[in-house]
Amino acid sequence: MTAPEYIYPEGRAAFPHDGLVGIAGLAPHEIWFLLDEAQQWVELNRGAQKRRDMLSGLTIINAFFENSTRTLLSFEIAGKRLGADVVNMAVATSSVKKGETLIDTAMTLNAMRADAIVIRHSSSGAVQLIADKVDCPVLNAGDGQHEHPTQALLDALTIRHAKRAFNGLRVTICGDILHSRVARSNILCLTSLGADVRVCAPPALMPADIERMNVTVFHDFDAALAGADVVMMLRLQMERMEGQFIPSPREYRHLYGLSQERLQLAESNALVMHPGPMNRGIEIESNVADMIGRSQITTQVEMGVAMRMACLEVLTRKGRKMEGWA
Amino acid sequence: MSQHAPLTVANGRLVRPDGRIEKGALRAEGGFITAIGPDVCAEPGDTVYDARGLLIAPGLVDLGVFEIDKPAFHFGGITRAALMPDQPTPLDIPSRVRFAAQSGKPDFWVHPLGGATRGLAGESLAEIALMRDAGARAVATGRRWIGDSGTMLRLLQYAGMLGLPVITHAEDAGISGKAVATSGEMATRLGLPSAPAEAEALAIARDVALADLSGARIHLRNVTTRAGLDLVRAAKARGVKITAGVSPAYFMLSDLALANFRTFAHLSPPLRSEEDRKAVIAAIGDGTIDVIASGHDPRGAEDKRLPFADSAPGMAGAETLLPLTMNLVRDGVIPLERAFDLLCANPAKLLGVNAGRLEVGAEADIAVIDADRPWIVDSDKMAASAGNTPFDKQPVQGRVLALFKGGMTIKTKRVSPA
């Protein structure tokens with residue numbers, strides 16, 4: 001495969017967005033620009049001295065209205081490595097529990113003069129709602145079943161490291177597509193970059209008309225795996241395995257668990273990915289998750305920090321009055 | 001009856017019950033129409049309103065609203081509304097029904113729809129006969145479908161015996177669940193909880209069978225899908241006592257209106273596909289749909305300025321009911337007189353009230369309408385108690401210039417020339 005050439009303009013025209021609410025609305029060259037920007041942070045993070053002061057004096061608020069460990073930590077580390085003051089708003093103890101509306105919470109955060117706000121919320125569209133009300137850049141860290149753009153970007157960065165090119169790349173995404181914001185953002189991102197995306201799930205977990213998003217629909221995992229270059233497994237929420245969607249976890253594993261035998265159906269150098277946290281022994285066997293050279297699961301986490309550094313750095317350029325961006 | 005001078009609305013074009021539109025005047029005394037036709041003249045002492053060649057039509061009868069919002073109703077030419085039982089305290093006992101029935105007088109009549117089941121929970125029957133005698137014109141299942149078929153059958157048998165129509169919400173709850181959108185590309189892209197449109201046809205299929213079995217009259221408040229409309233059409237052909245209604249949103253909009261998570265387009269049932277929208281228009285044209293109603297449900301920011309799935313469904317529809325229906329006339333879907341069957345005569349007949357048509361002996365609920373007058377919907381300047389309309393900033397045509405309830409003048413505002 002040859003790498004596609006994405007040329008992007010100088011300055012703010014390279015990424016003319018005020019925030020990152022979703023992959024929808026991003027042009028391929030804008031995605032590529034963010035991936036390129038992230039590269040320097042991958043290298044920085046691999047060194048011993050991991051701190052820059054580019055965002056020194058800036059306040060970044062992580063407002064997570066839904067529980068998260070790895071995404072919250074990843075954003076926190078990303079902000080701190082760039083020198084920003086990072087504040088995490090824990091919803092469990094916030095006034096959200098006292099009935100404050102989302103808009104009021106957003107206005108409060110805005111009045112505290114944050115330079116960027118990172119939001120996760122359990123309702124689709126909640127991040128857009130806040131982004132429309134605040135003055136600073138808003139980054140979507142996952143809204144309901146809608147989008148999780150930084151996850152898709154870090155997945156693309158991970159794939160780019162191993163595969164270098166997206167054109168014609170066969171990517172199989174398997175799991176609870178219906179409830180997955182990761183799947184939606186990844187579909188948008190990967191198809192935008194030219195990949196051939198397949199989605200695989202039982203009918204009850206497959207959203208209607210998903211093929212309109214330029215993907216191929218599979219219910220048979222073995223067929224979906226044939227010739228795949230990348231296999232992305234999604235986490236299955238335990239509460240959805242109690243008979244409503246899936247008869248039982250072991251039945252799910254029987255049909256959709258990624259084992260070493262199944263992985264043989266994919267290309268011999270196919271990457272295995274998972275956004276975490278994994279249900280080992282259900283959607284993915286331990287020996288697949290830990291396969292050296294094939295499993296990218298820890299690389300994804302590593303790329304996550306770099307990708308989020310790039311997003312925070314790029315989106316605060318206007319506020320920092322960087323030349324060409326202010 | 002109130003003591004006011006007889007009314008003559010003169011020099012207009014009368015919308016007659018037989019479908020004729022003829023030049024003439026109308027005279028009302030003691031709250032009732034006493035004379036109508038080309039030769040009618042005002043008598044000394046009458047209050048006279050010059051219609052200046054505009055339409056003289058019956059006041060609109062809005063079948064199924066969620067709030068009594070007089071300024072919006074009067075703006076829209078609505079003189080009577082059937083109030084849904086879904087109130088902060090449900091209309092499921094006679095005293096609340098009686099109170100609701102009085103709540104609009106004298107310048108607006110509220111026809112309460114009794115809650116079919118206690119607390120609208122769909123489990124045990126409410127006191128339907130007592131509610132009827134307290135003023136309920138029909139019973140309604142509310143925003144919800146009655147899931148238990150046995151309960152629904154007994155409800156239909158009982159209401160049928162009492163001569164009350166049953167107004168139902170046609171969405172199979174097992175399929176619709178917590179859905180806020182119709183399954184399809186839009187819901188998938190937005191990641192909204194969605195249910196297939198077939199939830200409606202399933203509910204209608206069952207309710208048609210039960211209506212047939214019980215012989216009761218059934219009215220489906222909103223039929224919004226091709227499959228649902230096909231079932232209604234077939235049931236009518238078989239002679240089942242079934243009628244169907246729809247709100248303008250379902251013939252004006254499809255689920256594309258949900259883009260950018262616009263909560264003003266969050267309705268119940270949810271907006272459907274473009275194909276279904278076209279099927280609704282066809283069904284209005286061929287008579288499958290009997291009633292167009294606003295479903296007026298004003299909702300403030302606290303209910304609407306939320307993430308889509310957390311927002312309350314519903315739209316403020318009273319002001320746009322007439323002009324959006326007039327679109328169908330301009331597009332040649334229905335003739336002008338049929339618009340008034342859908343908006344006035346049919347809902348009045350369904351509720352068994354002596355209104356909705358201009359004839360001697362009927363209550364003098366009269367709207368003077370400039371069917372062509374253009375105006376622009378502005379959610380910030382609505383008469384309604386909240387401006388949650390998905391038609392914000394849309395140009396429309398058709399405006400009520402004068403409104404009379406029981407021969408009493410409600411408004412004769414001269415709208416400034418467009």
Side-chain angles (χ1 to χ4, degrees), chain A residues 21-25 65-66 96 99-107 119-133 140 142-148 176-185 187-188 191 199 203-215 217 244-245, chain B residues 173-201 225 227 254-266 270-276 299-313 386 388 390 392:
Chain A
V21 174
I23 300 293
F65 297 86
E66 190 184 72
V96 174
E100 185 176 72
T101 68
L102 187 58
I103 298 268
D104 287 337
T105 307
M107 296 313 285
I119 300 163
R120 168 169 287 192
H121 196 280
S122 58
S123 269
S124 303
V127 176
Q128 180 67 57
L129 190 69
I130 294 178
D132 292 342
K133 295 287 167 197
N140 183 356
D143 64 325
Q145 300 158 18
H146 178 224
E147 283 231 43
H148 190 355
D176 182 357
I177 310 285
L178 178 66
H179 297 101
S180 176
R181 54 196 175 210
V182 174
R184 282 173 180 75
S185 285
I187 289 167
L188 290 166
T191 55
V199 290
L205 295 176
M206 186 70 81
D209 294 346
I210 185 92
E211 60 280 1
R212 299 266 183 89
M213 295 178 79
N214 302 314
V215 297
V217 173
Q244 280 290 318
F245 291 91
Chain B
I175 288 191
S176 61
K178 291 191 170 79
V180 295
T182 304
S183 295
E185 184 182 358
M186 188 49 88
T188 292
R189 283 184 184 273
L190 295 176
L192 292 174
S194 65
E198 285 72 13
E200 179 177 283
T225 64
S254 71
D255 62 359
L256 292 175
L258 272 56
N260 298 321
F261 300 99
R262 278 195 290 263
T263 57
F264 285 4
H266 179 190
L271 287 170
R272 307 299 192 183
S273 67
E274 183 61 17
E275 190 205 353
D276 285 329
R299 295 280 186 166
E302 64 280 9
D303 286 329
K304 284 291 191 183
R305 223 165 59 173
L306 294 170
F308 194 94
D310 304 337
S311 68
N388 52 315
D392 189 29

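Residue numbering restarts at 1 for every chain, and letters A, B, ... go by the order of the sequence lines.
For the residue pair T188(B) / D209(A), no side-chain donor-acceptor distance below 3.5 Å is found, with atom types taken as modelled.
With a threshold of 4.5 angstrom between heavy atoms, R212(A) approaches chain B through its backbone and through its side chain. Neither the backbone nor the side chain of L178(A) comes within contact range of chain B; no heavy atom of the residue lies under 4.5 Å from a heavy atom of that chain. When heavy atoms are compared at a cutoff of 4.5 Å, I210(A) approaches chain B by way of both its backbone and its side chain.
Of the listed residues A301(B), A309(B), A187(B), G184(B), the one with more heavy-atom pairs under 4.5 angstrom with chain A than any other is G184(B). Heavy-atom pairs under 4.5 Å with chain B peak, among E211(A), H146(A), M213(A), at H146(A).
In plain terms, the two heavy atoms of R305(B) and L129(A) that are nearest each other are O-CD2, 4.1 Å.
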Take H121(A) and D310(B) through the side-chain contact (heavy atoms from CB on, under 4.5 Å) test and state the conclusion after the steps.
CA-CA 12 Å; H121(A) 196 280; D310(B) 304 337; 4.1 Å; yes

side-chain contact (heavy atoms from CB on, under 4.5 Å) for L188(A) and R189(B)? Distances and angles first, verdict last.
CA-CA 10 Å; L188(A) 290 166; R189(B) 283 184 184 273; 3.9 Å; yes

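Between F261(B) and S124(A) the shortest side-chain heavy-atom distance falls below 4.5 Å.
Remark: E274(B) pairs with R277(B) by the salt bridge (charged side-chain N to carboxylate O under 4.0 Å, His left out) rule, at least two apart or across chains.
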Indicate every side-chain donor-acceptor pair of residues 190-201 of chain B with a distance under 3.5 Å to a residue at least two apart or in another chain.
unit_1, atom_1, unit_2, atom_2, d
S194(B), OG, S183(B), OG, 3.1
E200(B), OE1, T224(B), N, 3.0
E200(B), OE1, T224(B), OG1, 2.6
E200(B), OE2, T224(B), N, 2.9
E200(B), OE2, T225(B), N, 2.8
E200(B), OE2, T225(B), OG1, 2.7

